[in-house]
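Everything on this sheet refers to the single structure shown next.
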Amino acid sequence: MWAFINKLRSPKWFYAISARLQPWFWAAALILIVIGSVWGLAFAPADYQQGNSFRIIYVHVPAAFLAQSIFVSMAIAGVVFMVWKIKIADMAAAMMAPLGAAMTFIALFSGAVWGVPTWGTWWMWDARLTSMLILLFLYLGVIALRGAFTSRDSASRAASVLAMVGVINIPIIKYSVDWWYTLHQPASFTITGRAAMPLEMWAPLLIMVLGFYCFFIALTLMRTRSEILRRESNKRWVRDLAGGER
Amino acid sequence: MTLSLTPKRKQKLYVILGLVALAAIAVGLTLYALRANINLFFSPIEIAAGDAPYERQIRAGGMVKEGSVSRNPDSLDVEFTVTDYVEDLRVSYSGILPDLFREGQGVVVVGQLKQDGMFRADQVLARHDENYMPPEVADALEAAGYSPADFQTKAAKVAERVEARESGEGESQNQSQSQY
(Lines give C-alpha, C1' and ligand atoms only; values in the text may rest on other atoms or scores of the structure.)
Protein backbone atom coordinates (compact mmCIF):
# COMPACT_ATOMS: atom_id res chain seq x y z
CA MET A 1 0.00 0.00 0.00
CA TRP A 2 2.70 2.50 1.03
CA ALA A 3 4.82 1.37 -1.87
CA PHE A 4 1.92 2.08 -4.21
CA ILE A 5 1.33 5.55 -2.84
CA ASN A 6 5.04 6.20 -2.91
CA LYS A 7 5.04 5.55 -6.62
CA LEU A 8 2.48 8.32 -7.04
CA ARG A 9 5.36 10.68 -6.36
CA SER A 10 6.63 9.88 -9.80
CA PRO A 11 4.65 11.63 -12.57
CA LYS A 12 6.35 9.36 -15.06
CA TRP A 13 5.01 6.24 -13.34
CA PHE A 14 1.53 7.77 -13.11
CA TYR A 15 1.65 8.72 -16.79
CA ALA A 16 2.44 5.13 -17.73
CA ILE A 17 -0.07 3.39 -15.45
CA SER A 18 -2.92 5.80 -16.29
CA ALA A 19 -2.44 5.08 -19.98
CA ARG A 20 -3.29 1.47 -19.25
CA LEU A 21 -6.24 2.20 -16.90
CA GLN A 22 -7.89 4.96 -18.88
CA PRO A 23 -9.45 2.91 -21.74
CA TRP A 24 -11.14 0.57 -19.26
CA PHE A 25 -12.80 3.42 -17.43
CA TRP A 26 -13.89 5.09 -20.67
CA ALA A 27 -15.37 1.81 -21.90
CA ALA A 28 -17.12 1.13 -18.59
CA ALA A 29 -18.48 4.68 -18.46
CA LEU A 30 -19.83 4.48 -22.01
CA ILE A 31 -21.45 1.06 -21.54
CA LEU A 32 -22.95 1.84 -18.13
CA ILE A 33 -24.32 5.25 -19.12
CA VAL A 34 -25.85 3.92 -22.35
CA ILE A 35 -27.46 0.95 -20.57
CA GLY A 36 -28.58 3.08 -17.62
CA SER A 37 -30.10 5.82 -19.81
CA VAL A 38 -31.99 3.47 -22.08
CA TRP A 39 -33.20 1.34 -19.17
CA GLY A 40 -34.09 4.32 -16.99
CA LEU A 41 -35.69 6.49 -19.66
CA ALA A 42 -37.48 3.84 -21.69
CA PHE A 43 -37.98 0.64 -19.70
CA ALA A 44 -38.17 1.52 -16.01
CA PRO A 45 -41.79 1.92 -14.86
CA ALA A 46 -43.25 5.40 -14.39
CA ASP A 47 -43.88 6.60 -10.85
CA TYR A 48 -47.39 6.19 -9.41
CA GLN A 49 -47.61 9.88 -8.52
CA GLN A 50 -45.19 11.75 -10.75
CA GLY A 51 -45.53 9.71 -13.90
CA ASN A 52 -42.67 10.17 -16.35
CA SER A 53 -41.18 13.31 -14.81
CA PHE A 54 -39.73 10.98 -12.18
CA ARG A 55 -37.20 9.86 -14.81
CA ILE A 56 -35.21 13.07 -14.25
CA ILE A 57 -33.86 11.17 -11.22
CA TYR A 58 -31.59 9.20 -13.59
CA VAL A 59 -29.59 12.35 -14.31
CA HIS A 60 -30.25 14.37 -11.18
CA VAL A 61 -29.08 11.88 -8.55
CA PRO A 62 -25.84 10.72 -10.30
CA ALA A 63 -24.89 14.36 -10.96
CA ALA A 64 -25.56 15.32 -7.34
CA PHE A 65 -23.55 12.32 -6.08
CA LEU A 66 -20.63 13.25 -8.28
CA ALA A 67 -20.82 16.94 -7.36
CA GLN A 68 -20.27 16.03 -3.70
CA SER A 69 -17.77 13.18 -4.25
CA ILE A 70 -15.56 15.34 -6.46
CA PHE A 71 -15.39 18.02 -3.80
CA VAL A 72 -14.38 15.45 -1.16
CA SER A 73 -11.76 14.07 -3.59
CA MET A 74 -10.40 17.59 -4.09
CA ALA A 75 -10.16 18.10 -0.32
CA ILE A 76 -8.33 14.78 0.17
CA ALA A 77 -5.99 15.64 -2.71
CA GLY A 78 -5.44 19.00 -1.03
CA VAL A 79 -4.35 17.35 2.23
CA VAL A 80 -2.05 14.94 0.38
CA PHE A 81 -0.52 17.82 -1.54
CA MET A 82 -0.04 20.07 1.49
CA VAL A 83 1.36 17.42 3.84
CA TRP A 84 3.28 15.06 1.53
CA LYS A 85 3.98 17.46 -1.35
CA ILE A 86 2.76 14.98 -3.94
CA LYS A 87 2.36 17.05 -7.09
CA ILE A 88 0.10 14.54 -8.84
CA ALA A 89 -2.52 15.16 -6.13
CA ASP A 90 -2.53 18.86 -6.89
CA MET A 91 -2.71 18.30 -10.63
CA ALA A 92 -5.64 15.90 -10.23
CA ALA A 93 -7.45 18.35 -7.90
CA ALA A 94 -7.01 21.15 -10.42
CA MET A 95 -8.38 18.96 -13.21
CA MET A 96 -11.39 17.79 -11.17
CA ALA A 97 -12.73 21.24 -10.26
CA PRO A 98 -14.42 22.18 -13.56
CA LEU A 99 -16.15 18.77 -13.78
CA GLY A 100 -17.38 19.17 -10.21
CA ALA A 101 -18.74 22.61 -10.98
CA ALA A 102 -20.46 21.25 -14.09
CA MET A 103 -22.03 18.37 -12.13
CA THR A 104 -23.26 20.78 -9.44
CA PHE A 105 -24.83 22.92 -12.14
CA ILE A 106 -26.47 19.87 -13.76
CA ALA A 107 -27.86 18.78 -10.39
CA LEU A 108 -29.26 22.26 -9.70
CA PHE A 109 -30.65 22.67 -13.20
CA SER A 110 -32.25 19.23 -13.43
CA GLY A 111 -33.67 19.76 -9.94
CA ALA A 112 -35.25 23.04 -11.04
CA VAL A 113 -36.74 21.41 -14.14
CA TRP A 114 -38.08 18.61 -11.94
CA GLY A 115 -39.37 21.03 -9.31
CA VAL A 116 -41.78 22.80 -11.67
CA PRO A 117 -44.11 19.83 -12.33
CA THR A 118 -43.78 18.20 -8.89
CA TRP A 119 -43.46 20.99 -6.33
CA GLY A 120 -44.97 23.84 -8.32
CA THR A 121 -41.82 25.97 -8.15
CA TRP A 122 -38.35 25.78 -9.66
CA TRP A 123 -36.52 27.31 -6.74
CA MET A 124 -37.05 27.53 -2.98
CA TRP A 125 -34.49 28.75 -0.44
CA ASP A 126 -34.60 25.56 1.57
CA ALA A 127 -31.52 24.08 3.23
CA ARG A 128 -30.77 21.45 0.56
CA LEU A 129 -31.09 23.75 -2.45
CA THR A 130 -29.21 26.59 -0.78
CA SER A 131 -26.31 24.41 0.42
CA MET A 132 -26.03 22.98 -3.09
CA LEU A 133 -25.86 26.50 -4.53
CA ILE A 134 -23.08 27.27 -2.01
CA LEU A 135 -21.24 24.19 -3.32
CA LEU A 136 -21.37 25.67 -6.83
CA PHE A 137 -19.89 28.92 -5.51
CA LEU A 138 -17.17 26.98 -3.67
CA TYR A 139 -16.22 25.23 -6.91
CA LEU A 140 -16.13 28.55 -8.74
CA GLY A 141 -14.01 29.94 -5.88
CA VAL A 142 -11.52 27.08 -6.17
CA ILE A 143 -11.27 27.55 -9.93
CA ALA A 144 -10.90 31.32 -9.59
CA LEU A 145 -8.21 31.00 -6.87
CA ARG A 146 -6.10 28.86 -9.15
CA GLY A 147 -6.22 31.56 -11.76
CA ALA A 148 -5.61 34.41 -9.34
CA PHE A 149 -1.96 33.76 -8.49
CA THR A 150 1.08 34.18 -10.70
CA SER A 151 2.99 31.56 -8.72
CA ARG A 152 1.66 28.07 -9.27
CA ASP A 153 2.65 26.97 -5.77
CA SER A 154 0.68 29.78 -4.10
CA ALA A 155 -2.31 29.04 -6.31
CA SER A 156 -2.20 25.34 -5.41
CA ARG A 157 -1.95 26.07 -1.70
CA ALA A 158 -4.81 28.57 -1.75
CA ALA A 159 -7.07 26.23 -3.74
CA SER A 160 -6.19 23.31 -1.45
CA VAL A 161 -7.07 25.30 1.68
CA LEU A 162 -10.41 26.39 0.21
CA ALA A 163 -11.20 22.80 -0.77
CA MET A 164 -10.28 21.47 2.69
CA VAL A 165 -12.34 24.09 4.54
CA GLY A 166 -15.19 23.98 2.02
CA VAL A 167 -15.62 20.25 2.55
CA ILE A 168 -17.56 21.16 5.72
CA ASN A 169 -20.42 21.98 3.37
CA ILE A 170 -20.68 18.35 2.22
CA PRO A 171 -22.18 16.85 5.42
CA ILE A 172 -24.47 19.89 5.56
CA ILE A 173 -25.76 19.09 2.07
CA LYS A 174 -26.15 15.42 2.89
CA TYR A 175 -27.97 15.84 6.20
CA SER A 176 -29.84 19.08 5.43
CA VAL A 177 -33.00 17.13 4.66
CA ASP A 178 -32.81 15.37 8.04
CA TRP A 179 -31.73 18.29 10.22
CA TRP A 180 -34.24 20.87 9.00
CA TYR A 181 -37.66 21.09 7.44
CA THR A 182 -37.04 21.35 3.71
CA LEU A 183 -39.07 21.21 0.52
CA HIS A 184 -36.65 18.60 -0.82
CA GLN A 185 -37.47 15.06 0.28
CA PRO A 186 -34.94 12.82 2.12
CA ALA A 187 -32.58 10.57 0.16
CA SER A 188 -34.20 7.88 -1.98
CA PHE A 189 -31.08 6.25 -3.30
CA THR A 190 -28.34 4.61 -1.29
CA ILE A 191 -25.69 2.21 -2.56
CA THR A 192 -27.00 -0.40 -0.12
CA GLY A 193 -30.41 -0.25 -1.78
CA ARG A 194 -32.68 0.57 1.14
CA ALA A 195 -36.15 -0.02 -0.23
CA ALA A 196 -37.36 3.46 -1.15
CA MET A 197 -37.99 2.22 -4.68
CA PRO A 198 -38.38 -1.22 -6.23
CA LEU A 199 -35.50 -2.97 -7.95
CA GLU A 200 -36.67 -2.18 -11.49
CA MET A 201 -36.34 1.55 -10.71
CA TRP A 202 -33.29 1.26 -8.49
CA ALA A 203 -31.09 -0.90 -10.75
CA PRO A 204 -30.87 1.56 -13.67
CA LEU A 205 -30.17 4.33 -11.17
CA LEU A 206 -27.29 2.33 -9.69
CA ILE A 207 -25.94 1.73 -13.19
CA MET A 208 -26.12 5.44 -13.98
CA VAL A 209 -24.35 6.33 -10.72
CA LEU A 210 -21.56 3.82 -11.44
CA GLY A 211 -21.35 5.08 -15.03
CA PHE A 212 -20.98 8.68 -13.88
CA TYR A 213 -18.20 7.66 -11.46
CA CYS A 214 -16.34 5.80 -14.23
CA PHE A 215 -16.72 8.88 -16.44
CA PHE A 216 -15.28 11.05 -13.66
CA ILE A 217 -12.28 8.73 -13.17
CA ALA A 218 -11.63 8.41 -16.90
CA LEU A 219 -11.85 12.15 -17.51
CA THR A 220 -9.65 12.95 -14.49
CA LEU A 221 -7.00 10.45 -15.63
CA MET A 222 -7.04 11.90 -19.12
CA ARG A 223 -6.83 15.52 -18.01
CA THR A 224 -4.20 14.78 -15.36
CA ARG A 225 -2.05 13.12 -18.03
CA SER A 226 -2.09 16.22 -20.19
CA GLU A 227 -1.46 18.38 -17.12
CA ILE A 228 1.61 16.23 -16.30
CA LEU A 229 3.00 16.82 -19.78
CA ARG A 230 2.34 20.55 -19.47
CA ARG A 231 3.91 20.97 -16.04
CA GLU A 232 6.81 18.59 -16.67
CA SER A 233 7.47 19.77 -20.21
CA ASN A 234 11.08 20.59 -19.46
CA LYS A 235 11.81 17.21 -17.84
CA ARG A 236 13.98 14.78 -19.65
CA TRP A 237 11.47 11.91 -19.84
CA VAL A 238 8.80 14.15 -21.38
CA ARG A 239 11.24 15.47 -23.96
CA ASP A 240 12.33 11.92 -24.74
CA LEU A 241 8.69 10.96 -25.12
CA ALA A 242 7.97 13.85 -27.45
CA GLY A 243 11.16 13.23 -29.41
CA GLY A 244 10.59 9.51 -29.60
CA GLU A 245 7.12 9.86 -31.05
CA ARG A 246 8.16 12.26 -33.75
CA MET B 1 11.47 9.49 -0.18
CA THR B 2 9.19 7.70 2.20
CA LEU B 3 5.74 8.79 3.21
CA SER B 4 6.20 8.31 6.95
CA LEU B 5 4.88 11.13 9.10
CA THR B 6 8.02 13.11 9.84
CA PRO B 7 7.63 15.71 12.63
CA LYS B 8 7.30 18.44 10.01
CA ARG B 9 4.56 16.61 8.11
CA LYS B 10 2.83 15.76 11.36
CA GLN B 11 2.80 19.41 12.32
CA LYS B 12 1.33 20.38 8.95
CA LEU B 13 -1.32 17.72 9.25
CA TYR B 14 -2.30 18.99 12.71
CA VAL B 15 -2.47 22.57 11.46
CA ILE B 16 -4.80 21.47 8.66
CA LEU B 17 -6.98 19.38 10.96
CA GLY B 18 -7.13 22.25 13.45
CA LEU B 19 -8.09 24.70 10.74
CA VAL B 20 -10.87 22.47 9.43
CA ALA B 21 -12.11 21.76 12.98
CA LEU B 22 -12.26 25.47 13.81
CA ALA B 23 -14.11 26.26 10.59
CA ALA B 24 -16.52 23.39 11.27
CA ILE B 25 -17.21 24.70 14.78
CA ALA B 26 -17.83 28.22 13.43
CA VAL B 27 -20.22 26.94 10.76
CA GLY B 28 -21.90 24.60 13.23
CA LEU B 29 -22.55 27.38 15.75
CA THR B 30 -23.88 29.67 13.03
CA LEU B 31 -26.27 27.03 11.76
CA TYR B 32 -27.34 26.25 15.34
CA ALA B 33 -28.05 29.93 16.00
CA LEU B 34 -30.01 30.24 12.76
CA ARG B 35 -31.81 26.91 13.02
CA ALA B 36 -35.27 28.48 13.26
CA ASN B 37 -34.63 30.43 10.05
CA ILE B 38 -33.17 27.51 8.15
CA ASN B 39 -36.30 25.46 8.64
CA LEU B 40 -38.33 26.10 5.54
CA PHE B 41 -41.70 26.02 7.27
CA PHE B 42 -43.56 25.91 10.57
CA SER B 43 -45.21 22.64 11.47
CA PRO B 44 -48.80 22.65 12.81
CA ILE B 45 -47.39 21.75 16.26
CA GLU B 46 -45.27 24.90 16.27
CA ILE B 47 -48.18 27.02 15.08
CA ALA B 48 -50.46 25.57 17.76
CA ALA B 49 -47.76 26.36 20.34
CA GLY B 50 -47.82 30.00 19.20
CA ASP B 51 -44.32 30.00 17.68
CA ALA B 52 -45.43 31.49 14.36
CA PRO B 53 -46.13 35.22 13.93
CA TYR B 54 -49.59 36.42 12.85
CA GLU B 55 -50.27 38.56 9.77
CA ARG B 56 -46.78 38.07 8.33
CA GLN B 57 -45.60 36.15 5.31
CA ILE B 58 -44.63 32.68 6.61
CA ARG B 59 -44.59 29.10 5.37
CA ALA B 60 -46.32 26.16 6.99
CA GLY B 61 -45.99 22.52 6.05
CA GLY B 62 -47.41 19.10 6.74
CA MET B 63 -49.70 16.53 5.21
CA VAL B 64 -53.08 17.29 3.66
CA LYS B 65 -55.51 15.57 5.99
CA GLU B 66 -57.59 12.78 4.47
CA GLY B 67 -61.13 13.94 3.69
CA SER B 68 -60.44 17.57 4.57
CA VAL B 69 -60.39 19.16 1.10
CA SER B 70 -63.49 21.16 0.27
CA ARG B 71 -63.73 23.03 -3.03
CA ASN B 72 -66.13 25.77 -3.96
CA PRO B 73 -67.73 24.52 -7.21
CA ASP B 74 -68.17 28.09 -8.58
CA SER B 75 -64.63 29.36 -8.07
CA LEU B 76 -61.04 28.26 -7.49
CA ASP B 77 -61.45 28.65 -3.73
CA VAL B 78 -60.40 25.61 -1.78
CA GLU B 79 -60.05 24.84 1.91
CA PHE B 80 -58.10 22.00 3.44
CA THR B 81 -56.43 20.95 6.67
CA VAL B 82 -52.67 20.54 7.02
CA THR B 83 -51.73 18.13 9.76
CA ASP B 84 -48.65 16.59 11.33
CA TYR B 85 -50.87 13.92 12.90
CA VAL B 86 -50.79 15.81 16.22
CA GLU B 87 -52.10 19.30 15.48
CA ASP B 88 -54.20 20.57 12.58
CA LEU B 89 -54.02 23.82 10.62
CA ARG B 90 -56.93 25.00 8.47
CA VAL B 91 -55.79 26.53 5.17
CA SER B 92 -57.73 28.53 2.60
CA TYR B 93 -56.43 29.11 -0.91
CA SER B 94 -57.65 30.52 -4.15
CA GLY B 95 -55.90 29.38 -7.29
CA ILE B 96 -54.65 26.38 -9.20
CA LEU B 97 -53.17 23.60 -7.10
CA PRO B 98 -50.04 21.67 -8.20
CA ASP B 99 -50.59 18.30 -9.91
CA LEU B 100 -49.25 16.36 -6.95
CA PHE B 101 -51.67 18.01 -4.53
CA ARG B 102 -53.94 15.37 -3.02
CA GLU B 103 -55.12 14.12 0.31
CA GLY B 104 -52.39 12.39 2.26
CA GLN B 105 -49.71 14.27 0.30
CA GLY B 106 -47.11 16.61 1.84
CA VAL B 107 -47.50 20.32 1.11
CA VAL B 108 -45.82 23.59 1.93
CA VAL B 109 -48.19 26.59 1.99
CA VAL B 110 -46.92 30.17 1.70
CA GLY B 111 -49.08 32.91 3.13
CA GLN B 112 -50.28 34.56 6.34
CA LEU B 113 -51.60 33.19 9.58
CA LYS B 114 -54.73 35.13 10.53
CA GLN B 115 -55.83 35.97 14.07
CA ASP B 116 -58.69 33.45 13.88
CA GLY B 117 -56.16 30.64 13.34
CA MET B 118 -56.94 30.31 9.63
CA PHE B 119 -53.99 30.24 7.21
CA ARG B 120 -54.54 32.34 4.03
CA ALA B 121 -52.25 30.79 1.43
CA ASP B 122 -50.95 32.71 -1.60
CA GLN B 123 -49.05 29.72 -2.92
CA VAL B 124 -49.33 25.96 -2.41
CA LEU B 125 -46.29 23.76 -3.11
CA ALA B 126 -46.45 19.98 -3.16
CA ARG B 127 -43.83 18.00 -1.30
CA HIS B 128 -43.28 14.42 -2.20
CA ASP B 129 -41.68 11.73 -0.09
CA GLU B 130 -38.59 9.73 -0.95
CA ASN B 131 -40.55 6.66 -2.08
CA TYR B 132 -41.02 5.86 -5.72
CA MET B 133 -43.03 2.96 -7.10
CA PRO B 134 -44.83 1.88 -10.25
CA PRO B 135 -48.61 2.50 -10.29
CA GLU B 136 -49.38 -1.25 -10.16
CA VAL B 137 -47.36 -1.62 -6.95
CA ALA B 138 -49.11 1.37 -5.42
CA ASP B 139 -52.51 -0.10 -6.33
CA ALA B 140 -51.54 -3.47 -4.92
CA LEU B 141 -50.37 -1.88 -1.69
CA GLU B 142 -53.55 0.11 -1.41
CA ALA B 143 -55.64 -2.98 -2.08
CA ALA B 144 -53.68 -4.66 0.70
CA GLY B 145 -54.62 -1.85 3.07
CA TYR B 146 -51.29 -0.05 2.89
CA SER B 147 -52.39 3.54 3.32
CA PRO B 148 -54.27 3.36 6.65
CA ALA B 149 -51.55 1.20 8.22
CA ASP B 150 -48.92 3.59 6.98
CA PHE B 151 -50.96 6.44 8.41
CA GLN B 152 -50.97 4.76 11.82
CA THR B 153 -47.23 4.07 11.98
CA LYS B 154 -46.49 7.59 10.89
CA ALA B 155 -48.77 9.00 13.56
CA ALA B 156 -47.14 6.82 16.21
CA LYS B 157 -43.67 7.94 15.11
CA VAL B 158 -44.59 11.60 15.30
CA ALA B 159 -46.17 11.18 18.73
CA GLU B 160 -42.95 9.52 19.94
CA ARG B 161 -40.90 12.40 18.62
CA VAL B 162 -43.12 14.98 20.27
CA GLU B 163 -42.71 13.18 23.59
CA ALA B 164 -38.95 12.93 23.11
CA ARG B 165 -38.92 16.62 22.30
CA GLU B 166 -40.83 17.60 25.42
CA SER B 167 -38.50 15.58 27.64
CA GLY B 168 -35.32 16.76 25.92
CA GLU B 169 -35.69 20.25 24.46
CA GLY B 170 -32.17 20.35 23.04
CA GLU B 171 -32.90 17.69 20.48
CA SER B 172 -35.96 19.41 19.09
CA GLN B 173 -34.35 20.48 15.81
CA ASN B 174 -32.97 17.08 15.05
CA GLN B 175 -36.25 15.41 14.38
CA SER B 176 -36.24 13.75 11.06
CA GLN B 177 -38.46 14.97 8.31
CA SER B 178 -38.90 11.53 6.86
CA GLN B 179 -42.44 11.11 8.11
CA TYR B 180 -43.70 13.59 5.54
Side-chain angles (χ1 to χ4, degrees), chain A residues 2 5-6 8-10 44-51 53-54 57 75 78-79 82-86 115-121 124-128 130 160-161 164-169 171-172 176-189 194-198 200-202, chain B residues 1-5 8-13 15-17 19-20 22-24 26-28 31 35 38-43 59 61 96-102 105-108 110 123-139 141-142 173-178 180:
Chain A
W2 284 114
I5 298 177
N6 227 350
L8 281 179
R9 280 185 177 283
S10 155
D47 180 57
Y48 74 118
Q49 284 190 321
Q50 297 182 27
S53 66
F54 139 85
I57 201 171
V79 174
M82 295 287 272
V83 176
W84 284 279
K85 294 271 167 246
I86 294 180
V116 173
T118 47
W119 297 338
T121 183
M124 177 56 64
W125 292 99
D126 87 340
R128 170 59 71 83
T130 309
S160 300
V161 169
M164 290 183 298
V165 173
V167 85
I168 296 166
N169 192 32
I172 296 175
S176 54
V177 288
D178 299 324
W179 288 345
W180 300 293
Y181 294 154
T182 54
L183 185 60
H184 195 288
Q185 70 284 4
S188 301
F189 178 83
R194 184 177 53 90
M197 62 179 80
E200 65 262 40
M201 289 172 157
W202 179 80
Chain B
M1 284 293 267
T2 62
L3 289 163
S4 59
L5 273 175
K8 200 178 163 198
R9 285 177 186 158
K10 205 175 253 179
Q11 193 195 356
K12 271 188 188 166
L13 193 59
V15 168
I16 288 169
L17 290 178
L19 181 76
V20 173
L22 278 179
V27 172
L31 293 179
R35 64 196 182 281
I38 297 174
N39 280 324
L40 185 70
F41 51 82
F42 290 98
S43 68
R59 287 182 290 255
I96 295 166
L97 292 162
D99 289 350
L100 276 194
F101 180 91
R102 64 197 71 180
Q105 181 77 38
V107 287
V108 174
V110 187
Q123 197 183 5
V124 175
L125 304 172
R127 284 187 94 243
H128 65 91
D129 64 15
E130 68 275 32
N131 299 305
Y132 299 93
M133 59 183 102
E136 312 85 67
V137 177
D139 291 346
L141 280 175
E142 197 154 349
Q173 291 305 322
N174 290 336
Q175 51 178 304
S176 158
Q177 187 59 16
S178 57
Y180 292 130

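The chains referred to below are lettered A, B, ... by the order of the sequence lines, with proteins before strands, and numbering in each begins at 1.
- Atom CG of B:Asp99 sits about 8.5 Å away from atom OG of A:Ser53, to the nearest 0.5 Å.
- The ring pair (Phe, Tyr, Trp, His ring centres under 6.0 Å) test with B:Tyr132 is passed by exactly one of A:Trp202, A:Phe54, A:Tyr48: A:Phe54.
- How far CG of B:Leu125 is from CG of A:Leu183: 6.0 Å, rounded to the nearest 0.5 Å.
- Distance check, rounded to the nearest 0.5 Å: CD1 of B:Ile38 to CH2 of A:Trp179 gives 10.0 Å.
- The part of B:Ile16 that comes within reach of chain A is its side chain, from C-beta onward, which places non-hydrogen atoms under 4.5 angstrom from that chain.
- Contact of A:Met82 with chain B is made through backbone and side chain together, with heavy-atom distances under 4.5 Å.
- When each of B:Leu22, B:Val107, B:Leu31, B:Leu19 is checked for heavy-atom pairs under 4.5 Å with chain A, B:Leu31 comes out on top.
- At distances below 3.5 Å, at least one donor-acceptor pair connects side-chain atoms of B:Arg127 with backbone N or O atoms of A:Thr182.
- B:Leu40 contributes atom CG, which lies 11.5 Å from atom OH of A:Tyr181 (distance to the nearest 0.5 angstrom).
- To the nearest 0.5 Å, the span separating CH2 on A:Trp125 from CZ on B:Arg59 amounts to 11.5 Å.
- The two atoms that bring B:Asn131 and A:Asp47 nearest to each other are O-OD1, 4.5 Å, heavy atoms only.
- In this structure, the separation between CH2 on A:Trp84 and CZ on B:Arg9 is 8.0 Å, given to the nearest 0.5 Å.
- Looking only at atom types and distance, the side chain of A:Gln49 has no donor-acceptor partner in the side chain of B:His128 under 3.5 Å away.
- When all heavy atoms of A:Gly120 and B:Gln123 are compared, the pair lying nearest together is O-NE2, 4.4 Å.
- Neither the backbone nor the side chain of B:Gln11 comes within less than 4.5 Å of any heavy atom in chain A.
- Interface residue B:Val108: only side-chain heavy atoms are found under 4.5 Å from chain A.
- In terms of heavy-atom pairs under 4.5 angstrom with chain A, the leader among B:Ala24, B:Ala126, B:Gly28 is B:Ala126.
- Heavy atoms of other residues, nucleotides or ligands lying less than 6.0 angstrom from NZ of A:Lys85 number more than 12.
- Annotation: B:Leu17, atom CG; neighbour count of heavy atoms from other residues, nucleotides and ligands within 6.0 Å is above 12.
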